[in-house]
Amino acid sequence: MRTQPIRCRLSALAVAAVLFAAPNSACPQSGAGALARSAPAAHPLAPLVFESVANAAATPTAQPLRIANSGASKCAWKASASAPWLKLTPAAGELEAGASIELEVALVEAELAALPPGSSIASVEWRLGADAPPSSVPVVLTRGQDGWTHLAPSKDSHVVFVSSSSGDDFFDGRSERLPKRTLAAAIAELRHGYPDWLLLKRGDTWNESLGHWKRSGRSAQEPLVVASYGDSGARPLLRSVEPNGLITLPAGDSPARIDHIALVGLHFAPQSSQREARASAVTLLAPMRDVLIEDCEFEGYEVNLTVAATPGRKQNLRLRRNLIRNAYATDGPVGHGIYLEAADQVLIEENLLERNGWNPDVEGATPSVFRHGIYVQSGPDGCTGVLLRGNIIASSSSHGAQLRPGGAALDNLFVDNPIGLLLGGGAEPTEGGVVAVARRNVVLAGRDLDAENPRGWGLAVENLRSGELRSNLIAWGRTEALAFALLLEGNTPGVGLRNVLAVDNVIHDWRGPLRIGGTPEQLGPLCLERNRITSSYASPALVLVADARSISNVRWSDNAYAGAAAGDAWFTLGEARLDAQAWSAASGDVVGVPPAAPEGGRPTLENYMASLGEPATLEAFLAGARAQSKSNWQPRYTAAAVNAYLRAGFAMR
């Protein structure tokens, strides 16, 4: 049970405590934090998390919140929710001394349909006593989307066909039989503010781009659509001569904003390998709302997909089931698969992001600490409401994904990245810290960035005001010079780490420890509960707490450990190396033994491929993932399939 002491100022002697009961949480009730283990650290107020997918019920639909009066006199209380999609029952009352009451924090189903995909963050606030300061716990609601987006022309849509192989700009373009030839001529037939459709012939190639885009659709239900037609299995290829395959910019005769557009089933690649002609496949600058990019392929740009702050924010952005590959640069802090800033309610779902930030076949396109698979910005022009769900993110230059503004990362597969996933942090950290959730992600095969830059970090968190890390698997690291499986870092710009719960995670053979960094002032309360950390290597330690004093701000409960090293090398506390007995005395943890390894061999991605009767290599898996499209969708090459195999192999919930 999670607890947080709060003072009720009805009298000098009246003390109230709020107890927050999370599903499957077994941490004991807290007292005030102190250096002695006899006074355990407070339990963190980690977020309440609700998960949902469009057109399906959320899980769970309600969660409990218990408020207790541990003072000597009766105490009035009042609670409220900051969002209309939350309901509290009851919401106010009085508590006798020593009494408690459990509230229900429930979703209001009627309000959920209006919420866009992404992650929505609200809060439940309570006050114990008329003069007491309020306290709160974040509530995170994630909204994903399964399957393909259903799109259909409206009765008044203009549908324009274009084919580089069989078209002619003298044709009217209103049928497959009489398509336009050039993209420019076809785009000229589209109307601003209407649900028109531009269809490019599959298998055709254009040495031109969609250019400066100036047209919106009618509404979120009736977008303007750029998609494809025909029987070929190949997406229509746009080999852009201009720096951008498509750009929105409120300049010239463009409207001030562009809304309600969908790009579906297109392939963008630069015609030139020169840096000045390789900016982005898609660059979104204008203020925008309701943008869908699905089943597209982007490759070879400096940044394959750019969403930038100038001159306005973008809202309700969905990036789904795309192939985003081989972005690279030869100089400067660019070279990302996706770069996002100034975007609200962002869904990044079931994409393949592979080898972004570097290119071994291009001189000077070397890995860099500044180049990432996904780079989501924080600070004044940062993003909000980000949900990263079900993606495959492989072989990035540095980070697989940086979610600096927080948000939620669910069910992703990170493989062969120097750093798998970062939540929070950044040179311009969000003031007051961020809220972040990571659930059921799988991180495999961490590696160094290059010979001069050792890495191998699995999952890292910084600058959190509240966070939950639940049921993630971090396994099979390939380097150990500077490797950390789980990096809980308070010694960075921002608020440090506050109210973080790490529960039911599994770390196996990562070749680097779980590390907690920061002073007591930068950390806590934190709770590590029911995690399993195992290693068949003789070094390094399984757990490293950099500042020994900080252990007083961490609750340890029912974690299990096993290592090949001598017993006194399992735990490092400051400069001291501790065996299990000494660690239990220092941390308060009861050191458990992990369950026996399951039968059936090592649970690895290679063995997953072998179980399918295919070559047992990462390259074979990525080759299958690269071939994914709406016309050829193979569930075996998804993060969901790999993660399920690996999680079953490690007997994870």
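Residues take their numbers from the sequence shown, with the count starting at 1.
The pair D196-R191 meets the salt-bridge criterion, since a charged nitrogen lies less than 4.0 angstrom from a carboxylate oxygen. Ionic pairing of D156 and R218 is present here: one or more N-O contacts between side-chain nitrogen and carboxylate oxygen are shorter than 4.0 angstrom. Using a 4.0 Å cut-off between charged nitrogen and carboxylate oxygen, D168 and K180 do not count as a salt-bridge pair. Ion pair R404/E428 not flagged as a salt bridge, since none of the NZ, NE, NH1 or NH2 atoms sits closer than 4.0 Å to an Asp/Glu carboxylate oxygen. Under the 4.0 Å criterion applied to side-chain N and carboxylate O atoms, R478 and D448 are not assigned as salt-bridge partners. A salt bridge is defined here as a Lys NZ or Arg NE, NH1 or NH2 lying under 4.0 Å from an Asp or Glu carboxylate O, and E614 with R636 meets this definition. Between E341 and K314, none of the side-chain N atoms (NZ, or NE/NH1/NH2) sits under 4.0 Å from a carboxylate O, so this pair counts as no salt bridge. A salt bridge is defined here as a Lys NZ or Arg NE, NH1 or NH2 lying under 4.0 Å from an Asp or Glu carboxylate O, and D204 with R202 fails to meet this definition.
Defined by atom type and a distance below 3.5 Å, a donor-acceptor pair is present between the side-chain atoms of N326 and R355. T59 and E51 share no donor-acceptor pair across their side chains, judged by distance under 3.5 Å alone. In the model, N207 has a side-chain atom that pairs as donor or acceptor with a side-chain atom of Q271 under 3.5 Å. Using modelled atom types, one finds no donor on one side chain facing an acceptor on the other under 3.5 Å when comparing Q221 with H260.
A donor-acceptor pair under 3.5 Å is absent between the side-chain atoms of T430 and the main chain of S378, judged by distance alone. Remark: the backbone N or O of R181 is not paired with any side-chain donor or acceptor of S164 at under 3.5 angstrom. R371 places no side-chain N or O within 3.5 Å of a backbone atom of G337 that could act as its donor or acceptor partner. Under the 3.5 Å distance criterion, the side-chain polar atoms of N244 are left unmatched by any main-chain donor or acceptor of I247. Judged purely by atom type and a 3.5 angstrom limit, N322 uses its side chain to pair as donor or acceptor with the backbone of I293. Of the possible donor and acceptor atoms, none in the side chain of S154 sits under 3.5 Å from a partner among the backbone N and O of S157. Side-chain atoms of H192 come within 3.5 Å of backbone atoms of S216 as a donor-acceptor pair (strictly under, hydrogens ignored). At least one donor-acceptor pair closer than 3.5 Å links the side chain of S232 to the backbone N or O of A234. In this structure a side-chain-to-backbone donor-acceptor pair under 3.5 Å is present from W358 to S395. Between the side chain of D361 and the main chain of N359, no donor-acceptor pair closer than 3.5 Å is present.
The environment of OH in Y194 is sparse: at most 12 heavy-atom neighbours from other residues, nucleotides or ligands sit within 6.0 Å. Environment of CD in E363: sparse, with no more than 12 heavy atoms of neighbouring residues, nucleotides or ligands closer than 6.0 Å. Atom CG of N632 is surrounded by more than 12 heavy atoms from other residues, nucleotides or ligands within 6.0 Å.
Below 30°, between 30° and 60°, or above 60°: for H372 and H336 the angle between ring planes is below 30°, a parallel geometry.
Taken from CD1 in I324 to CD in E354, the straight-line distance is 12.0 Å, to the nearest 0.5 Å. One finds the CD1 atom of I474 at 13.5 Å from the CH2 atom of W457 (value rounded to the nearest 0.5 Å). How far CG of N453 is from CG of D450: 4.5 Å, rounded to the nearest 0.5 Å. Between D295 atom CG and W148 atom CH2 the span is 4.0 Å, to the nearest 0.5 Å. Expressed to the nearest 0.5 Å, how far CG of L340 lies from OG1 of T306 amounts to 9.0 Å. Here M609 contributes atom CE and T604 contributes atom OG1; the two are 11.0 Å apart, rounded to the nearest 0.5 Å.
Side-chain contact between Q628 and R626 is absent, with no heavy atoms from C-beta onward closer than 4.5 Å. Residues L403 and L388 are in side-chain contact: their nearest non-hydrogen atoms beyond the backbone lie under 4.5 Å apart. For the pair E222/P153, no side-chain contact is recorded, criterion being any heavy-atom separation below 4.5 Å from C-beta on. In this structure the side chain of L151 reaches within 4.5 angstrom of the side chain of L292, judged on heavy atoms. Between L622 and L352, the closest side-chain pair of non-hydrogen atoms falls below 4.5 Å. Taking 4.5 Å as the limit, every side-chain heavy atom of E189 sits out of range of all side-chain heavy atoms of L198. In this structure, the side chains of F621 and L605 come closer than 4.5 Å at one or more pairs of heavy atoms. Between S240 and E208, the closest side-chain pair of non-hydrogen atoms is not below 4.5 Å.
Counting all heavy atoms, side chain and backbone alike, L112 lies closest to R143 at O-CZ, 3.4 Å. In this structure, F171 and S166 approach most closely via the heavy-atom pair CE1-O, 4.1 Å. For the residue pair P287 and A256, the shortest heavy atom distance occurs at CD-O, 3.4 Å. Scanning all heavy atoms of the two residues, the minimum distance from P418 to S397 falls at CG-O, 3.2 Å. Across all non-hydrogen atoms, the minimal contact from E109 to A58 is OE2-N, 4.2 Å. The shortest non-hydrogen separation linking V386 to G406 is CB-O, 4.3 Å.
Each of Y375, F370, Y301 was scored for a ring-ring contact (aromatic ring centres under 6.0 Å, His included) with Y339, with one residue passing: Y375. The side chain to side chain donor-acceptor pair (under 3.5 Å) with N441 is formed by just one residue from the set N643, N391, D411, N472; it is N472. Here the rule is salt bridge (Lys or Arg N to Asp or Glu O under 4.0 Å) with E350, and of R321, R318, R389, K630 only R321 fits it.
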Next on the checklist: I'd like to know whether R257 forms a side-chain contact (heavy atoms from CB on, under 4.5 Å) with R289, so could you lay out the CA-CA distance, the side-chain angles of the two residues, the decisive distance to 0.1 Å, and finally the verdict.
Outcome noted: CA-CA 9 Å; R257 59 180 300 120; R289 180 183 295 274; 3.7 Å; yes
Item to check | Intermediate values then yes/no, side-chain contact (heavy atoms from CB on, under 4.5 Å), L284 and L246 | outcome: CA-CA 8 Å; L284 305 182; L246 178 149; 4.2 Å; yes
Item to check | side-chain contact (heavy atoms from CB on, under 4.5 Å) evaluation trace for L199 with V159 | outcome: CA-CA 7 Å; L199 298 179; V159 180; 3.7 Å; yes
Item to check | side-chain contact (heavy atoms from CB on, under 4.5 Å) between L249 and H212, worked out | outcome: CA-CA 7 Å; L249 178 67; H212 185 182; 3.8 Å; yes
